[in-house]
Every structure is written in C-alpha cells, then in structure tokens.
Peer 1: 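Encoded as structure tokens, here's the structure I'll be asking about.
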Amino acid sequence: MKILHLDTNHPILIEQLNSLGFTNDEDYTSSKAEIIAKIDLYDGLIIRSRFSIDASFLEKAKNLKFIGRVGAGLENIDCSYAKNNGITLIAAPEGNRNAVGEHCLGMLLSLFNKLNKANGEIKKGQWLREENRGVELDGKTIGIIGYGNMGKSFAKKLRGFDVEVLCYDLKPNVSDDCCKQVSLREFQQKVDVLSLHTPQTELTRNMVNTNFIQSFKKNFWLLNTARGTSVVTKDLVIALKSGKILGAGLDVLEYEKASFENLFTNDKIPKAFQYLINSNNVLLSPHVAGWTIESKEKLAQTIVDKIKKNYS
C-alpha cells in the first residue's frame with residue numbers, strides 16, 4: 001500500500017509506517033495541480049493543512065482508501081464526497097487534546113490575573129499593583145460548548161479548582177464526573193466563563209454574535225481555542241467595549257487563512273482586530289493551543305495506530 005505525505009510531521013509517522021510495510025512517498029513542495037496529476041497512484045494520503053482536499057481533488061484519487069489528517073478537524077476535506085466514495089477519514093483529536101486543555105487553563109489564569117498586562121507594564125518601568133488586582137477562579141461557573149476530546153480535556157484540568165463546570169452539546173448524555181450537561185438556557189443563565197470547543201460547521205459559523213452574547217445573564221469571559229469562524233470579531237469588540245465580555249483569550253481568529261501573515265504587512269488590518277491587539281483584557285496566540293512538543297509526537301502516533309488497526 002502506497003501513502004503520499006503532503007506535510008512534514010514527526011519522524012515516527014513515516015518510520016513506523018515503513019516498519020509496517022507501507023511505501024511512503026513525501027512531496028512537500030509540489031502544487032495542488034501537480035499532486036492531483038499523480039494522486040491516482042496512492043492508496044493513502046497524509047496531510048495537515050497544506051491545501052483543501054475538495055471534490056475535484058478526490059475525483060482523481062481513484063485508488064485512495066484513506067486520508068489521515070494529523071490534527072483534530074476535518075473541515076479542509078470534502079467529507080461527504082470522501083465517505084460516499086469509500087474513502088476512510090482518519091483524524092487525531094486524541095493527540096492534542098491535553099495540549100488544548102492546558103492552553104485553555106493557562107489563558108484563563110493569565111486573563112484573571114492580568115499577567116500579560118502586568119508583564120508589559122513592568123518591562124516599561126511601571127509598577128502598578130492596584131491596577132493589576134486579579135480575580136480568583138474559585139467559585140466561578142465554567143461553561144464549555146462542545147464536549148468532545150478538547151472540551152473534556154479542559155474540564156479535567158479544572159478539577160483542582162472549586163468551580164462548577166457545565167457543558168452544552170448537541171449530542172445527548174455527554175456528562176461525566178468532570179462536567180454536567182445542561183440546556184442552552186440554563187447554560188446562558190449561569191456561566192461566568194465561556195470556552196468554545198466546537199468543530200467548524202454551518203451551525204458554529206458566526207455562532208458567537210451580538211444576539212448570542214446578549215443572551216447570557218452575566219457578564220462573562222470568553223475563550224476560543226476551537227475555530228476562528230465561530231466568533232464574529234466586530235461583535236466581540238462591541239461586547240468588550242460595553243463590558244458584557246470581561247476579557248477574551250483567543251488562539252484562533254476569523255481572519256485566519258493561508259496568507260494570514262499579510263494582515264500585518266499590507267495596511268489592511270481590520271479595525272476590530274486592531275482593537276484586540278491594543279486591548280489589555282485580550283490575550284492572543286497564533287493557533288498553537290494544540291501545538292506542543294509532546295502533541296507533535298502524539299498526533300503522529302495516533303495516525304499510525306489508526307492506520308495499523310484498519311490496514312495492517
């Protein structure tokens with residue numbers, strides 16, 4: 001069985017697949033058109049996020065049996081077309097869930113204790129104690145939307161705190177020892193912190209907008225380590241200005257795309273994003289919540305294990 005690798009990953013991925021008897025070809029530079037021209041030669045495909053695997057791509061993949069995504073989500077793949085044509089989709093959310101859980105907790109504690117703000121001030125020679133008085137996590141209600149691998153990992157990290165953890169999920173009966181599942185209405189009545197752990201779908205796109213934000217009884221903190229398209233940034237800014245949202249930790253942004261870096265060089269930075277950059281109560285990271293030294297290996301190992309189980 002021949003496998004084509006389109007992105008670099010931890011070396012154990014190819015090493016272990018070689019030892020299992022698979023033939024592994026690497027192509028990290030060819031254009032999408034060049035890959036399409038030869039994809040019919042392969043039984044398996046391994047990607048991260050180099051380009052989308054759409055219907056036109058899959059039409060040429062006549063012999064493809066599986067696609068392995070070294071990551072949690074599959075939104076860059078035409079899943080319906082793949083499944084309808086007998087192509088198995090393999091993701092690896094188990095590989096970076098711990099990293100995401102830790103990142104969420106780190107962001108939350110940093111926001112509550114104004115660590116980023118205080119750090120910047122001290123480095124400028126400012127010693128402002130009262131202005132950096134923090135908020136304690138104990139006694140708060142943490143709300144998680146999307147109680148899958150990532151949401152459960154975050155809930156587990158919160159067990160050492162005196163907090164109530166609630167979740168809202170479209171799937172029934174997802175409660176466990178770390179979290180209680182409630183209705184959306186009860187969720188919106190109680191939470192002090194909202195953390196998003198949802199996939200990118202039509203239901204989650206632009207989910208956090210002004211109407212959604214105003215449906216919460218309390219002023220609250222927002223964490224998003226899921227997908228940037230879930231939050232309407234201009235509506236988030238309105239809520240930050242009014243105090244409805246007390247602060248935000250964002251590992252993902254709606255502006256993300258292949259050329260995201262151009263936002264910083266072409267004088268077209270959206271006004272809403274400019275506000276986030278200059279806000280002391282906003283913490284930003286470059287889509288790295290699941291991007292640790294350990295998760296790189298775990299993601300690769302998860303893909304190997306799933307391929308081995310199904311095709312070895």
Peer 1: Between the side chain of N113 and the main-chain N/O of L115, is any donor-acceptor distance below 3.5 Å?
Peer 2: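 Between the backbone of L115 and the side chain of N113 there is no qualifying donor-acceptor contact (under 3.5 Å).
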
Peer 1: Check step by step if side-chain contact (heavy atoms from CB on, under 4.5 Å) holds for R227 and E75.
Peer 2: CA-CA 10 Å; R227 291 293 181 262; E75 65 268 14; 2.4 Å; yes

Peer 1: In terms of side-chain heavy atoms, does H103 have a donor or acceptor partner in S285 at a distance below 3.5 Å?
Peer 2: yes

Peer 1: Check the side chains of Y42 and D25 for a donor-acceptor pair under 3.5 angstrom, ignoring hydrogens and angles.
Peer 2: yes

Peer 1: Return yes if some donor-acceptor pair links the side-chain N/O of D251 with the main-chain N/O of A289 below 3.5 Å, else return no.
Peer 2: yes

Peer 1: I want to check something: taking the side chain as every heavy atom from C-beta on, are N85 and L58 in contact at a cut-off of under 4.5 Å?
Peer 2: no

Peer 1: Do S110 side-chain atoms and G106 backbone N/O form a donor-acceptor pair below 3.5 Å?
Peer 2: no

Peer 1: Given L6, which partner from the list I47, I46, T29, I39 fulfils the side chain to side chain contact (heavy atoms under 4.5 Å, CB included) test?
Peer 2: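 Of the listed residues I47, I46, T29, I39, the side chain to side chain contact (heavy atoms under 4.5 Å, CB included) partner of L6 is I47.
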
Peer 1: Is there a side-chain contact between L20 and I307 in this structure, where contact means two heavy atoms from C-beta onward sitting under 4.5 Å apart?
Peer 2: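 They are not in contact (no side-chain heavy atoms under 4.5 Å apart), so the answer is no.
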
Peer 1: Please identify which of these residues, Q126, K114, K117, meets the side chain to side chain donor-acceptor pair (under 3.5 Å) condition with N132.
Peer 2: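 With N132 as partner, Q126, K114, K117 yield a single side chain to side chain donor-acceptor pair (under 3.5 Å), made by K117.
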
Peer 1: For the backbone of P199 and the side chain of T204, can you confirm whether one donor and one acceptor N or O come within less than 3.5 Å of each other?
Peer 2: yes

Peer 1: Indicate, with yes or no, if V282 and V208 share a hydrophobic cluster defined by side-chain heavy-atom contacts under 4.5 Å among Ile, Leu, Val, Met, Phe, Trp and Tyr.
Peer 2: yes

Peer 1: List, one per line, each side-chain donor-acceptor pair under 3.5 Å for residues 94-101, sequence neighbours excluded.
Peer 2:
| unit_1 | atom_1 | unit_2 | atom_2 | d |
| --- | --- | --- | --- | --- |
| E94 | OE1 | K306 | NZ | 3.2 |
| E94 | OE2 | K306 | NZ | 3.2 |
| R97 | NH1 | N149 | OD1 | 2.6 |
| N98 | OD1 | K157 | NZ | 2.4 |
| N98 | ND2 | E102 | OE2 | 3.2 |

Peer 1: CG/N280 to CG/N278 distance, rounded to the nearest 0.5 angstrom?
Peer 2: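 Here the interatomic distance stands at 9.0 Å.
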
Peer 1: Is the number of heavy atoms from other residues, nucleotides or ligands within 6.0 Å of NZ (K244) greater than 12?
Peer 2: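 It does: K244 NZ has more than 12 such atoms within range.
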
Peer 1: Linking I/L/V/M/F/W/Y whenever any side-chain heavy atoms sit under 4.5 Å apart, do L236 and Y255 land together?
Peer 2: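 Linked within one cluster.
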
Peer 1: Can you tell me how far the CD1 atom of I213 sits from the CG atom of N219, to the nearest 0.5 Å?
Peer 2: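 Reported value, rounded in 0.5 Å steps: 11.5 Å.
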
Peer 1: Surrounding NZ of K180 (heavy atoms of other residues, nucleotides or ligands, distance under 6.0 Å), is the total greater than 12?
Peer 2: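 At most 12 heavy atoms, drawn from other residues, nucleotides or ligands, come within 6.0 Å of this atom.
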
Peer 1: Quick one: closest heavy-atom pair of V237 and A272, and the distance?
Peer 2: CG2-O, 3.5 Å

Peer 1: Which atom names give the shortest non-hydrogen contact between F220 and V193, and what distance separates them?
Peer 2: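 Heavy atoms only, the tightest pair is CB-N, 4.5 Å.
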
Peer 1: Does any part of the side chain of Y147, heavy atoms only, come nearer than 4.5 Å to the side chain of C178, both counted from C-beta?
Peer 2: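 Counting from C-beta outward, C178 and Y147 do come under 4.5 Å.
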
Peer 1: Any chance NZ of K32 has more than 12 other-residue heavy atoms, nucleotides or ligands included, within less than 6.0 Å?
Peer 2: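 Count over threshold, so yes.
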
Peer 1: If you look at every heavy atom in Y168 and V182, which pair is closest and at what distance?
Peer 2: CD1-O, 3.7 Å

Peer 1: Can a donor-acceptor pair be found between the side chains of N18 and N24 at a distance below 3.5 Å?
Peer 2: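 Indeed, the side chains of N18 and N24 share at least one donor-acceptor pair under 3.5 Å.
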
Peer 1: Test side-chain contact (heavy atoms from CB on, under 4.5 Å) on L109 and F112 and set out the steps.
Peer 2: CA-CA 5 Å; L109 292 174; F112 270 34; 5.6 Å; no

Peer 1: What pair of heavy atoms forms the shortest contact from L89 to A82, and how long is it?
Peer 2: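 So the two residues come closest at CD2-CB, 3.9 Å.
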
Peer 1: Group every Ile, Leu, Val, Met, Phe, Trp and Tyr by side-chain heavy-atom contacts under 4.5 Å, then state whether F66 and Y81 land in the same group.
Peer 2: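 Different clusters.
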
Peer 1: How many angstroms lie between NE2 in H10 and CD1 in I303, if you round to the nearest 0.5 Å?
Peer 2: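 Interatomic distance, H10 NE2 to I303 CD1, rounded to 0.5 Å: 14.5 Å.
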
Peer 1: I would like to know whether I145 and L194 meet side-chain contact (heavy atoms from CB on, under 4.5 Å); could you show each step before the answer?
Peer 2: CA-CA 7 Å; I145 295 185; L194 168 60; 3.6 Å; yes

Peer 1: Between E294 and K298 (salt bridge meaning N to carboxylate O under 4.0 Å), is one present in this structure?
Peer 2: no

Peer 1: Looking only at non-hydrogen atoms, find the nearest pair between D138 and V163 and report the distance.
Peer 2: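 Of all heavy-atom pairs spanning D138 and V163, the closest is CA-CG1, 4.3 Å.
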
Peer 1: Please report the C-alpha distance between W127 and I122 in whole Å, then the side-chain angles of each, then the deciding distance to 0.1 Å, and finally whether the side-chain contact (heavy atoms from CB on, under 4.5 Å) criterion is met.
Peer 2: CA-CA 6 Å; W127 190 264; I122 291 173; 4.1 Å; yes

Peer 1: Would the number of heavy atoms belonging to other residues, nucleotides or ligands and lying under 6.0 Å from CG of D177 be above 12?
Peer 2: no

Peer 1: If you measure from the Lys or Arg side-chain nitrogens to the Asp or Glu carboxylate oxygens, is any gap between K62 and D40 under 4.0 Å?
Peer 2: no

Peer 1: Check the angle between the aromatic planes of F187 and F216 and answer parallel, tilted or perpendicular using the 30° and 60° thresholds.
Peer 2: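 F187 vs F216 ring planes: perpendicular.
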
Peer 1: Can a donor-acceptor pair be found, under 3.5 Å and without considering hydrogens, that links the side chain of S153 to the backbone of M150?
Peer 2: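 No.
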
Peer 1: Quick check on the hydrophobic clustering: are F22 and L41 connected, directly or via other members, by side-chain heavy-atom contacts under 4.5 Å?
Peer 2: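 Each belongs to a different hydrophobic cluster.
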
Peer 1: Can K124 and E121 be said to form a salt bridge (charged side-chain N to carboxylate O under 4.0 Å, His left out), step by step?
Peer 2: CA-CA 5 Å; K124 294 177 183 177; E121 289 170 353; over 6 Å; no

Peer 1: Are S230 and T198 side-chain neighbours, meaning at least one heavy-atom pair lies under 4.5 Å?
Peer 2: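 Counting from C-beta outward, S230 and T198 do come under 4.5 Å.
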
Peer 1: Could you check if a side-chain atom of L13 sits within less than 4.5 angstrom of a side-chain atom of V304, using non-hydrogen atoms only?
Peer 2: yes

Peer 1: Side chains of T302 and L299: does their closest heavy-atom pair fall under 4.5 Å?
Peer 2: no

Peer 1: Is a side-chain donor or acceptor of E34 paired with a backbone partner of S31 at a separation under 3.5 angstrom?
Peer 2: yes

Peer 1: What is the minimum heavy-atom distance between Y28 and H5, and which atoms define it?
Peer 2: CE2-O, 3.4 Å

Peer 1: Taking T201 for the side chain and L203 for the main chain, is one N or O donor matched with an acceptor at less than 3.5 Å?
Peer 2: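 Indeed, once roles are kept as given, a pair shorter than 3.5 Å links the two residues.
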
Peer 1: Working to the nearest 0.5 Å, report the span between OG1 of T210 and CD1 of I238.
Peer 2: 4.5 Å

Peer 1: Got more than 12 heavy atoms from elsewhere within 6.0 Å of NZ, K2?
Peer 2: yes

Peer 1: With a 4.5 Å cut-off on side-chain heavy-atom distances among I, L, V, M, F, W and Y, is there a chain of contacts connecting L250 to L240?
Peer 2: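 Cluster IDs for L250 and L240 match.
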
Peer 1: Taking D192 for its side chain and T141 for its backbone only, find out whether a donor-acceptor pair lies under 3.5 Å.
Peer 2: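 Yes, D192 side chain to T141 backbone: donor-acceptor pair under 3.5 Å.
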
Peer 1: Between Q181 and N173 (side chain of the first, backbone of the second, donor and acceptor by atom type, cut-off under 3.5 Å), is there such a pair?
Peer 2: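 Yes.
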
Peer 1: Do L105 and F161 come within less than 4.5 Å of each other through their side chains, counting heavy atoms only?
Peer 2: yes

Peer 1: I'd like to check I35 versus F57 (side-chain heavy atoms, cut-off strictly below 4.5 Å). Are they in contact?
Peer 2: yes

Peer 1: When T229 is tested against each of E254, R205, Q200 for side chain to side chain donor-acceptor pair (under 3.5 Å), which residue passes?
Peer 2: Q200

Peer 1: When rounded to the nearest 0.5 angstrom, what distance separates NZ in K83 from CG in D78?
Peer 2: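 Going from the NZ atom of K83 to the CG atom of D78 covers 10.5 Å.
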
Peer 1: Calculate, to the nearest 0.5 Å, the distance between atoms NZ and CG belonging to K152 and D169 respectively.
Peer 2: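 One finds 8.5 Å between NZ of K152 and CG of D169.
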
Peer 1: Could you tell me whether the side chains of R185 and S215 share a donor-acceptor contact shorter than 3.5 Å?
Peer 2: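 No donor-acceptor contact under 3.5 Å links the two side chains.
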
Peer 1: Is there a donor-acceptor pair under 3.5 Å between the side chain of D43 and the backbone N or O of K65?
Peer 2: no

